[in-house]
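Each ligand, and each atom within it, is numbered from 1 in the order the structure gives. Note that the structure is predicted; figures quoted are calculated from it, not measured. Only heavy atoms go into these numbers, but all of them, side chains included; no hydrogens, no water, no symmetry mates.
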Amino acid sequence: MSTIILAIESSCDDTSAAVLSDRSVLSNVVASQIVHSQYGGVVPEIASRAHDELIWWVVEEALRQAQVGKHELNALACTRGPGLLGSLLVGYIFSKALAYSLRIPLIDVHHMQAHVLAHFLGDPSPEFPFICLTVSGGHTQLVLIEDPLKMRVIGKSLDDAAGEAFDKGGKLMNLPYPAGPQIDRLAKHGKPIFQLAKPQISGLDFSFSGLKTSFLYFLRDSLKENPQFIEENLEDLCASLQFRIVDILLEKLILASSQTGIREIAIAGGVAANSALRQALTEESVRQNWKVYIPKTEYCTDNAAMIGVVGYYKFLKKIFADPEARP
Ligand code: KG4
Ligand code: ZN
């Protein structure tokens, strides 16, 4: 018999609910809070309130689309962290109360583990062990995965995340938040003609703050000479910034693969939706003899389906949340 899980994600600015039957997605409803774009970033207080307004609707809609009644649920999986505390609290307390009223177990989910396990929403999925480059708005990590519930971070950003490098770089070019998807779109019409700084960090860790600073100074100097510099060169600027970010990410991925001897390579997280990263990875896979796994775009950015798949693996092992647990 299959396991029916309702999953809820509310760690940042997406309110999402999904219903899974084992690893199959029956529904995955995501309400993105566009309200933050006018502020140039996520405003935590506004995000919590928006989650509170949206959560009931996304849950009802996910159940309706899946054609599953609440009493058919076997468990409820919810993001416990990391994320914005006020945002997490809304989803977590809602889930606790619903699980309690339905007398079903609540399963805690680690948001970054969920990004990695998004690869197991259907097939083909990576073989163990594999390496996943997990790149989101808050994290940049190289993760070595030995089984669904056994993974270890082997490299991480020492400062900004890759998504932040996109978003903050975009802000300097006056693009609204989140700038990542727009840079991706604009870069398609530009060329990476501007040489931006590359950090020299040894080992498997990353750094993006130097790139942001060098981009800031480069724009400041260029604007002194030509006040229209950004408008006139927007597409090339986007292509140059994106080129450097992808270059930094791929270099570390190549190093991780050569150090571990692992050739099963995956990417995950919001930045994994980036078309240049996806293309560069596919090209590199031929040179490196890698087998690469790139999730569908809808499972890269924040969504509850990926929370549900972690819930499924934990359900099999009966790893349930402590009633005292908090985000
Ligand atoms: O995983 P995610 O949805 O949320 C977090 O857990 O942070 O990632 C959001 C990040 C943002 O920084 C956003 O700009 C970036 O992913 N992003 C992209 C693209 N789509 C989303 N960055 C570059 N290119 C994209 N196509
Ligand atoms: Zn995320």
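When hydrogens are left out, the protein atom nearest atom 24 (N) of ligand 1 is N274 ND2, 3.0 Å; that is the closest non-hydrogen contact. Counting protein heavy atoms only, atom 14 (O) of ligand 1 is closest to D167 OD1, 2.7 Å. From the protein, the heavy atom lying nearest to atom 9 (C) of ligand 1 is G137 N, 3.7 Å. The protein non-hydrogen atom at the shortest distance from atom 3 (O) of ligand 1 is D302 N, 3.0 Å.
The shortest side-chain heavy-atom distance between D14 and E9 does not fall under the 4.5 Å cut-off.
For ligand 1, the polar-atom distance check against G180 finds a nitrogen or oxygen pair separated by under 3.5 Å. The shortest N/O to N/O separation between G270 and ligand 1 falls below 3.5 Å. The shortest N or O to N or O distance between D184 and ligand 1 is below 3.5 Å.
The distance from ligand 1 to the heavy atoms of A273 drops below 4.0 Å at these ligand atoms: 20 (N), 26 (N). Listed by number with element, the atoms of ligand 1 under 4.0 angstrom from any heavy atom of S136 are 1 (O), 5 (C), 6 (O), 7 (O), 8 (O). Heavy-atom proximity to P178, at under 4.0 Å, picks out these atoms of ligand 1: 14 (O). Atoms of ligand 1 lying under 4.0 Å from at least one heavy atom of G163, given by number and element, are 12 (O). For ligand 1, the atoms sitting less than 4.0 Å from at least one non-hydrogen atom of G138 are 7 (O), numbered in the order shown with element in parentheses.
In this structure, K314 does not pair ionically with D108, as no charged nitrogen and carboxylate oxygen lie closer than 4.0 Å. Comment: E45 engages R49 in a salt bridge, judged by a side-chain N to carboxylate O separation of less than 4.0 angstrom.
A donor-acceptor pair is defined here as one N or O able to donate and one able to accept, closer than 3.5 Å; no such pair exists between the side chain of S136 and the backbone of G269.
D302 contributes OD1 as its N, O or S atom closest to the Zn ion (ligand 2).
Ligand 1 lies within reach of H115, whose nearest heavy atom is under 4.0 Å from it. Using a non-hydrogen distance threshold of 4.0 Å, C12 does not register as a contact of ligand 1. Within the 4.0 Å heavy-atom shell around ligand 1 one finds H111.
Remark: R103 is positioned above the aromatic ring of Y100, its terminal NZ or CZ atom under 6.0 angstrom from the ring centre and at most 45 degrees off the axis.
Ring-centre distance between F229 and F194: below the 6.0 Å cut-off.
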Would K212 and D159 satisfy salt bridge (Lys or Arg N to Asp or Glu O under 4.0 Å), going step by step from the backbone distance to the final call?
CA-CA 11 Å; K212 178 188 64 193; D159 40 59; over 6 Å; no
Please lay out, stage by stage, how R185 and E235 fare under the test salt bridge (Lys or Arg N to Asp or Glu O under 4.0 Å).
CA-CA 9 Å; R185 231 176 359 256; E235 291 165 345; over 6 Å; no
Begin from the C-alpha positions of S125 and H119 and carry the test side-chain hydrogen bond (donor to acceptor under 3.5 Å, both in side chains) through to its verdict.
CA-CA 6 Å; S125 44; H119 284 282; over 6 Å; no
Using the rule given for salt bridge (Lys or Arg N to Asp or Glu O under 4.0 Å), can you reason through K188 versus D184, listing the C-alpha separation, both sets of side-chain angles and the distance that settles it, and then say yes or no?
CA-CA 7 Å; K188 290 198 172 91; D184 189 349; 3.6 Å; yes
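Between F120 and F128, the ring planes lie parallel to each other; the angle is under 30°, not in the 30° to 60° tilted range.
With the Zn ion (ligand 2) at the apex, H115 NE2 and H111 NE2 define an angle of roughly 90° (rounded to 10 degrees).
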